[in-house]
Amino acid sequence: MKFIETLRALPLPRQLLLAAAVLGIVFAMSFMVQNATKEPMALLYSGLEPQYAGEIIEKLDQSGTPYEIKGGAIFIPEGQRDQVRFELAKEGLPRQSVQGYELLDEVNGFSVTSEMYNASYWRAKEGELTRTILAIPGISSARVHIGASLRSGFARSQAAQTASVTISTTHTLSKGQAEAIQYLVALAVSGLNPQDVAVIDPTKGILAGPKTDNMAEPTMAAEDQSKALEMKIASLLEARVGMGNARVSVSMDVSRDRQRISTVSFDPQSKVVRNRTTNDASETGSGGSSGALTVASNLPQEEGAGAGGTPSSNAMKNSSESIAYEINETRTEIEKLPGQVERISIAVLLNEQSLGIDPAAADAATVREKMISDLTALVTSGAGLNLERGDTISVELMPFQQPAADDLVAAPGMVEQLIERYFWSGLQALLLGIVVIVLAFGVVRPMLMPKPKAGADALAPSQGAGAATAAVAGAAAGTGVGGESDPFNYLKDYAKERQDETAALLQQWLNEDQKVAVNE
């Protein structure tokens, strides 16, 4: 009650100033508490198309959920994220920009022709394939086009089906991943060969498909083999010279030609009889003194015996043999595919300071040559080099250049990280606290304290009755609180605020009156 009476006793300008100070303190405290207790924002959805993102924002506005939009991402308080996602999913949000088999749900069988149904079916097939490809890590966008052949039922031959996949990736897609997309699309479409599916990246060109340059595959394979061999040799050398004291470079010459070599060889020493053929022929002839044909020769032998001479006969025999031999024959076909390693070159640079070789020693050169020879043999064996094929290896020992100490940047410590993260927020809280303290003790507190009486403070020589006497003197002089000229009001306020002093003054006056009465 005394506080309320004190506020009522203040003039109107001081009351307004006090109200403004209190509101400022409340605002500053609310701002500090809000920043201190503010819930962190978490990602709700990102990468949505504008029309689908607008549906999400509309639902958040209807539910009263606070949100922030940063670029193409929507953020909401972390504690509400899961619940909001379930509520949006219950309503079928966010809608997918790629539609699949749900397109067939809208097809009315009574008003759709076969051509319209086929178009909807292939659209649904393309949408489902696009969804599957988008689920592959590293693919940001995808589009599938299927060249379905709508042949007539009377056609004798069916045109080959083709397809194309256009993708955008966040990193380089390997040859195996591109082939996986080819087989994914080909196995989903009946009669489609994987080789007839083209995988295209607008920024990197054709990754896989018909009429692609097959020369890039051996090159990529050679690069992978080179890196693997470099890592293998580096790990082998670092076990001896220490981490970071070995540099290895591997270069491979890869054949890019496709060759097919056929050879046929015969072994004449391994002949075998395949078949043998023998022909025997005999001839028999009759003769006499005359070889003329007569009547007697046509008569029976008994009748014509006396008429002619005695007949004679001559026989001849011929024999021939044919032999066929089989000789061993060897046929060899060799096909050389692109990617065969023709030559390997290895260069090794070691930090001489890590080998412990003393340059001032008498046998430093010998030790150096011996170490180079041992390391060369080690790398040759570890890399599987074939010197007869033309493989080369070079091992050099040189001191590495150490970076200057000024160039090294030490990792920030925990204190520095805390300062970096919370310095500005802590400074902001400190400044707001200082403002609140200044407003509380510099403005509000002096305004709530009663202002001292000008006359009483100027004339009060002591406490008690002397102060009260001085107050009465000030009232008689016409001065009061706030410049009031009415002495009665001043004495009234003074008696109300300082009751003890007023009572002491009255008691003093009564005592003086009693003394005067006694003296009389």
Side-chain angles (χ1 to χ4, degrees), residues 157 160 174-180 182-183 186-187 191-199 206-233 236 248-281 317-348 373-395:
S157 62
S174 64
K175 184 68 175 179
Q177 291 175 320
E179 291 180 353
Q182 281 185 300
Y183 278 90
L187 294 177
L192 180 60
N193 295 323
Q195 293 76 14
D196 295 331
V197 179
V199 181
I206 300 178
L207 303 179
K211 297 183 180 180
T212 55
D213 186 10
N214 296 326
M215 296 298 103
E217 182 177 357
T219 304
M220 295 179 62
E223 291 179 356
D224 296 339
Q225 294 179 3
S226 299
K227 292 180 180 179
L229 190 57
E230 287 178 359
M231 296 177 61
K232 179 180 179 181
I233 297 174
L236 186 64
V248 181
S249 176
V250 177
S251 176
M252 288 187 179
D253 294 338
V254 181
S255 174
R256 293 177 173 83
D257 299 330
R258 181 187 296 269
Q259 299 178 355
R260 176 173 294 178
I261 303 173
S262 300
T263 58
V264 180
S265 59
F266 299 93
D267 185 8
Q269 302 298 329
S270 59
K271 60 181 181 178
V272 178
V273 177
R274 182 174 60 182
N275 55 33
R276 183 191 299 268
T277 303
T278 303
N279 295 323
D280 294 333
K317 183 177 181 182
N318 295 325
S319 177
S320 63
E321 183 179 6
S322 176
I323 302 175
Y325 295 94
E326 188 73 27
I327 300 177
N328 288 343
E329 177 184 345
T330 303
R331 294 180 178 271
T332 305
E333 290 188 1
I334 301 175
E335 184 177 4
K336 294 183 178 180
L337 300 177
Q340 184 177 0
V341 178
E342 295 181 346
R343 184 171 176 268
I344 300 177
S345 300
I346 300 177
V348 178
S373 177
D374 294 341
L375 293 175
T376 301
L378 178 65
V379 175
T380 302
S381 177
L385 299 183
N386 186 0
L387 301 181
E388 297 179 355
R389 183 178 57 184
D391 297 346
T392 59
I393 179 173
S394 175
V395 178

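Note: hydrogens, waters and symmetry copies are ignored here, and every other heavy atom, side chains too, is used.
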Between the CD atom in Q195 and the CD atom in E179, the distance rounded to the nearest 0.5 Å is 9.0 Å
Restricting to side-chain contact (heavy atoms from CB on, under 4.5 Å), what partner residues turn up for T263, sequence neighbours left out?
I261, T332
For S262 and E333, work out which heavy atoms get closest and say how close.
OG-CG, 3.3 Å
Between Q182 and P194, what is the shortest heavy-atom contact and its length?
NE2-O, 3.1 Å
Value rounded to 0.5 Å, distance of OG in S251 from CG in L229
11.0 Å
Drop me the distance from N386's CG to E342's CD, to the nearest 0.5 angstrom.
13.0 Å
Looking at residues at least two apart in the chain, or sitting in another chain, which of them share a side-chain contact (heavy atoms from CB on, under 4.5 Å) with L192?
Q161, A163, V185, A186, V189, D196, V197
Correct closest heavy-atom pair for L207 and K175 would be O-NZ, 3.5 Å
Partners of S322 by side-chain contact (heavy atoms from CB on, under 4.5 Å), sequence neighbours excluded?
T277
Side chain to side chain contact (heavy atoms under 4.5 Å, CB included) with V379: of L236, V248, I393, only one passes, and it is I393
For D374, the side-chain contact (heavy atoms from CB on, under 4.5 Å) test, sequence neighbours excluded, returns K370
Taking T380 for the side chain and T376 for the main chain, is one N or O donor matched with an acceptor at less than 3.5 Å?
yes
For S394, give me all partners under side-chain hydrogen bond (donor to acceptor under 3.5 Å, both in side chains), at least two apart in sequence or on another chain.
none
Quick check: closest heavy atoms across R331 and V264, and the distance to 0.1 Å?
NH1-CG2, 3.4 Å
By salt bridge (Lys or Arg N to Asp or Glu O under 4.0 Å), which residues pair with D391, not counting sequence neighbours?
R389
Within-4.5 Å side-chain heavy-atom neighbours: I233 and V250
yes
For a quick test of reading the model, state the closest non-hydrogen atom pair linking R343 to G390 and the distance between them.
NE-O, 3.1 Å
